[in-house]
Number of protein chains: 2
Amino acid sequence: MRESPRTQPAKPPLSKEAVLDAGLSVLRAKGIDGVTMRAVAAELDTGPASLYVYVANRQDLLDEMFDQVASQIDLGDEPNAERWREQLVSLLTRILAVLDQHDGIARVPRANVPTAPNTVRVAERVIALLRAGGVDDRSIAWFVDVVFLFINATAYETSIYVEEGVDEERIDEDIRVGFGRLDPDAFPNMFSMMHLLTSGSGEERFSFGLRLMIEGLLHVTPPDIKT
Amino acid sequence: MRESPRTQPAKPPLSKEAVLDAGLSVLRAKGIDGVTMRAVAAELDTGPASLYVYVANRQDLLDEMFDQVASQIDLGDEPNAERWREQLVSLLTRILAVLDQHDGIARVPRANVPTAPNTVRVAERVIALLRAGGVDDRSIAWFVDVVFLFINATAYETSIYVEEGVDEERIDEDIRVGFGRLDPDAFPNMFSMMHLLTSGSGEERFSFGLRLMIEGLLHVTPPDIKT
DNA sequence: ACCTGAACACCGTTCAAGT
DNA sequence: ACCTGAACACCGTTCAAGT
């Protein structure tokens, strides 16, 4: 039996999908800063110049990868007026989880306005849930903005820690050491609250932030939007 | 009268201050991505290698520049229990203003925990104001985290727009065009809210976000922190 | 239309050599 | 101790040349 002369598995022909998949694969392996045109090209056994047929430039590649990731967000049940708040928290938490699973992807978006197909899809559902809860449309409009900014910023911060390879214990330890050097007379409030400032996991702090915003939404007067 | 052979003004000797000032000067002139070791060195009429005596690396340079910027934040009046809320909003708004004035600096911090001297100074005052307002210590601890993340993320987003040279009108226009392409049947909520989603200035949205969080803070039960 | 090699104009950082 | 030139190991993007 003659051996196949192939030394590599047959590689798929180039396509936008192949480029995005290669990008996501490099993201998993080397983090977001590792997603260079050269590295993605190498993954496809070609040179960086070849990618420019399928993506306009590096930012475009990253943007399309982001939307690919956003497509994995599960919207959950249909909005239910009885359970809207729980559904909302759960959806927003799933968004964060998907971003965290694709570490560093949160550093991609250059604006938080949903325009790519899958961010629009998610925003549509968030709005639907808030409407099911009877929240004023004007408040909804601005809340969506704020909460997406918050979710992305949270994932962004986590991705930095992961990149630097520090775990939560290490972070707490560093903060404690930093705070330990503070002058108790100059910073009495920080000093006396040290144990609280370093408390809680990332998840707990995120969920507290969500509670703040949703609770606020239910008590704040809607913005005065002139149309 | 013999002319001075000097073709340039006497340049100050290198020092950490001189390096940071040069960095801030490059930041003003060319934005945060323009703050390269080479550009900062050129500003000081030297080569990039010379900077490594005063800063550990580029990230360290940026971090120190950030704290230099934070030193410009005016803390305002002493906390007053009658006016704490107004004082708080005003301080948080001034923080954003200082970040916006040094465009792109918001893209520097790799963690939002206040450890550098001037971020500690600002955090101390924020905590003092919340205590003056009688807010529970456990809520304060996590609120500080959330609100600093929000402020920085807001400035970050603005800096992207500035970098791309788009003004607010242009952004609204782009969004409207993007939304115009939406399928009204697939995204009925977004479609019907289009005019609200594109409404309001960055300042208005930021201040709405602050109101959400502060209002939430007054109605939420403090987190259950085990110590 | 798609792919490629080579080049251009950059980066941050290191290091041996100077003062 | 401070400063420097030169080099190393990278970048994103363009472009002429090929198929």
Side-chain angles (χ1 to χ4, degrees), chain A residues 6-27 29-66 104-105 107-110 160 163-165, chain B residues 6-27 29-66 104-105 107-110 160 163-165:
Chain A
R6 223 198 272 297
T7 59
Q8 303 229 322
K11 60 173 181 175
L14 281 189
S15 67
K16 183 173 239 172
E17 288 69 39
V19 171
L20 296 188
D21 283 351
L24 288 167
S25 160
V26 174
L27 175 63
K30 307 202 286 182
I32 194 73
D33 291 335
V35 183
T36 64
M37 300 304 272
R38 282 169 159 86
V40 175
E43 185 80 11
L44 295 163
D45 276 316
T46 182
S50 302
L51 306 179
Y52 287 83
V53 180
Y54 305 100
V55 293
N57 49 44
R58 179 169 185 264
Q59 187 61 47
D60 181 38
L61 166 62
L62 294 174
D63 286 341
E64 306 228 36
M65 284 168 56
F66 186 90
I105 200 76
R107 266 177 279 170
V108 166
R110 295 181 67 78
I160 298 283
E163 189 181 82
E164 294 178 351
Chain B
R6 225 197 271 296
T7 61
Q8 304 229 322
K11 59 174 184 175
L14 282 188
S15 67
K16 182 173 242 172
E17 287 71 38
V19 171
L20 297 187
D21 282 352
L24 289 167
S25 161
V26 174
L27 174 63
K30 308 203 284 184
I32 195 73
D33 292 336
V35 182
T36 65
M37 299 305 270
R38 281 170 159 84
V40 174
E43 185 80 12
L44 295 164
D45 277 315
T46 183
S50 301
L51 305 180
Y52 288 82
V53 180
Y54 305 100
V55 293
N57 50 43
R58 178 170 186 264
Q59 188 61 46
D60 180 39
L61 166 61
L62 293 174
D63 286 341
E64 305 228 38
M65 283 168 55
F66 186 90
I105 200 76
R107 267 178 278 169
V108 166
R110 296 181 67 79
I160 299 284
E163 187 180 84
E164 293 178 352

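The sequence lines fix the lettering, A, B, ..., with proteins before strands; numbering per chain opens at 1. The figures that follow rest on heavy atoms only: side chains count, while hydrogens, waters and symmetry mates do not.
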Minimum side-chain heavy-atom gap A:R107-A:D33 below 4.5 Å: yes
Specify the separation, in whole Å, of atom CG of B:L51 and atom C1' of C:dC15. 16 Å
Could you tell me if the side chain of B:S50 sits less than 4.5 Å from the side chain of B:L14, heavy atoms only? yes
Measuring to OP1 and OP2 of D:dC3, would you say a side-chain N or O of B:Y54 lies under 4.0 angstrom away? yes
Taking only the C1' atom of each, what is the distance from D:dA7 to C:dC11 in whole angstrom? 14 Å
Mind checking who C:dC15 pairs with, Watson-Crick or G-U wobble, both distances under 3.5 Å? D:dG5
Below the 4.0 Å mark, does D:dC3 have OP1 or OP2 next to a side-chain nitrogen or oxygen of B:T46? no
For the pair made of CG in A:D33 and P in C:dC11, what is the distance, rounded to whole Å? 17 Å
Closest listed nucleotide, where the reference is the side chain of A:S50 and the choices are C:dG12, D:dG12, C:dT4: C:dT4
Please step through side-chain contact (heavy atoms from CB on, under 4.5 Å) for the pair A:L51 and A:L44, ending with a clear verdict. CA-CA 10 Å; A:L51 306 179; A:L44 295 163; 4.0 Å; yes
Between atom CE in B:M37 and atom P in D:dG5, what is the gap in whole Å? 16 Å
May I have the distance from A:L44 (atom CG) to C:dC3 (atom P), rounded to whole angstrom? 10 Å
Gap between atoms CZ and P, on A:R58 and C:dC10 respectively (whole Å): 19 Å
Of the nucleotides D:dC3, C:dC3, D:dG12, which one has an atom closest to the side chain of A:V53? C:dC3
Considering only D:dG12, D:dT13, C:dC15, which nucleotide approaches the side chain of A:R38 most closely? D:dG12
In whole Å, what is the span from the OH atom of A:Y52 to the C1' atom of D:dA16? 17 Å
So what does A:T36 touch, heavy atoms closer than 4.0 Å: a base, only the sugar-phosphate, or nothing? sugar-phosphate
Take the protein atom CG of B:D45 and the nucleotide atom P of D:dC3, then report the distance between them rounded to whole Å. 13 Å
Rounded off to whole Å, could you give me the CG-to-P distance for the A:D60 and D:dT13 pair? 10 Å
Might you work through the side-chain contact (heavy atoms from CB on, under 4.5 Å) test for A:K16 and A:V19, ending with a clear yes or no? CA-CA 5 Å; A:K16 183 173 239 172; A:V19 171; 5.7 Å; no
Picking from C:dG12, C:dT14, D:dG12, which would you name as closest to the side chain of B:A49? C:dT14
Interatomic distance, B:E164 atom CD to A:Q59 atom CD [nearest 0.5 angstrom]: 7.5 Å
